[in-house]
Amino acid sequence: MRPITYSRATDTATAIAAVSADPTSDFLAGGTTEIDLLRQNVLHPRRLVDINDLPLTRIEATPEGGLRIGSLARMSEVAAAPTVRERFPVICQALELGASAQLRHMASMGGNLLQRVRCSYYRDAESPCNKREPGTGCSAIEGFNRGHAILGTSEHCIATHPSDVAVALMSLDARVHTLGPGGERTYAFDDFFLLPGDSPHREHPMEHGELITDIEVPATPVARHSLYLKVRDRESYEFALASVAAAVSVVDGTVADVRVALGGVATKPWRARRVEDFLIGAAAVRDNFALAARAELAEARPTPMNAFKVELAQRTVVRALETLTADGSGSPE
Ligand code: SF4
């Protein structure tokens, strides 16, 4: 048993000052990851600053047609917001497929982006793990790695990023706004998630005490026709083996705009730019979807145990795009 100091912040500046002044402290939002890992002896904060009273819960449509989501908005609130359902169905679907109803009511959007990996070696608090204890090695590379990543891996870590909604937001060019000891910052979504490289313990570029305040989703007309397809071992309360966030518009049988991101197969939410580059201006047909998916997975580095994900991810991309374009439904109305 380790003693932990708990305090409840009433304003954002005080919360940031408290955490940045103490390297052993952490913010506490929904707690759906932090408390688990604390109990499992994986995280060892000596001080928790509860931020649930901070005014960071708004879910607003912007005049330009985008969205602004406060970092403390709950997953369930965002999924239920009419403007999100209407303009960005891929976000709603990713949220609803992302966790049980109880967890969606508790978990915050900012916490969702920062949730830690589900690698069992990371979470057992004993096995060598470069993410938990830098320099100790990676137990998964030669271990049980059926669910691990095939894209964006390094010789130091192959853990899959676990978030679903981050995949949807990656496909939409979202931005992350933060406030910290160095003032306000804005990160492009792709820059916010770091590849493991030789420092897998660094998962994002924020400094200690920096707090996500908002997630901004720019106006994306194609997103009105979008979906999130998640393939997993069972139909509920399970992480993705492969998932696809996709949006597409088709004009006269040709792909006019397309967004695709992958989950369950990469060490960060994975923007499938090769798929997009291949398909823009191409005929919206299955053969092209399959060729585009193959191009994206060409650099996959699977292990013998998770090699099935290469084919699975390609098929999931094809199925998502076929679903969106069936009966010409990818065409603008
Ligand atoms: Fe740790 Fe990453 Fe290896 Fe899992 S895959 S044991 S999180 S270093």
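Side chains included, hydrogens not; waters and symmetry mates left out as well; all remaining heavy atoms used. One-based numbering, in listed order, for ligands and for the atoms of each.
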Novice: Could Glu203 and Lys131 be called an ion pair, given the rule that one side-chain N must be under 4.0 Å from one carboxylate O?
Specialist: yes
Novice: Kindly say whether His148 contributes a backbone atom to a donor-acceptor pair with the side chain of Asn306 at under 3.5 angstrom?
Specialist: yes
Novice: Should the pair Glu96-Arg104 be classified as a salt bridge under the 4.0 Å nitrogen-to-oxygen rule?
Specialist: no
Novice: Counting neighbours of CZ on Arg118 that are heavy atoms of other residues, nucleotides or ligands and sit closer than 6.0 Å, is the number greater than 12?
Specialist: yes
Novice: Which ligand 1 atoms, with their elements, are less than 4.0 angstrom from a heavy-atom of Ile158?
Specialist: 5 (S)
Novice: Which atoms of ligand 1 sit under 4.0 Å from any heavy atom of His156?
Specialist: 8 (S)
Novice: Using a cut-off of 2.8 Å, find all protein N, O or S atoms closer to atom 1 (Fe) of ligand 1 than that distance.
Specialist: Cys129 SG
Novice: Would you mind checking if Asp214 and Arg58 are paired as a salt bridge, meaning a charged N to carboxylate O distance below 4.0 Å?
Specialist: yes
Novice: Taking the ring centre of each residue, are Phe193 and His204 less than 6.0 Å apart?
Specialist: no
Novice: Do the side chains of Glu216 and Arg68 get close enough for a salt bridge, i.e. N-O under 4.0 angstrom?
Specialist: yes
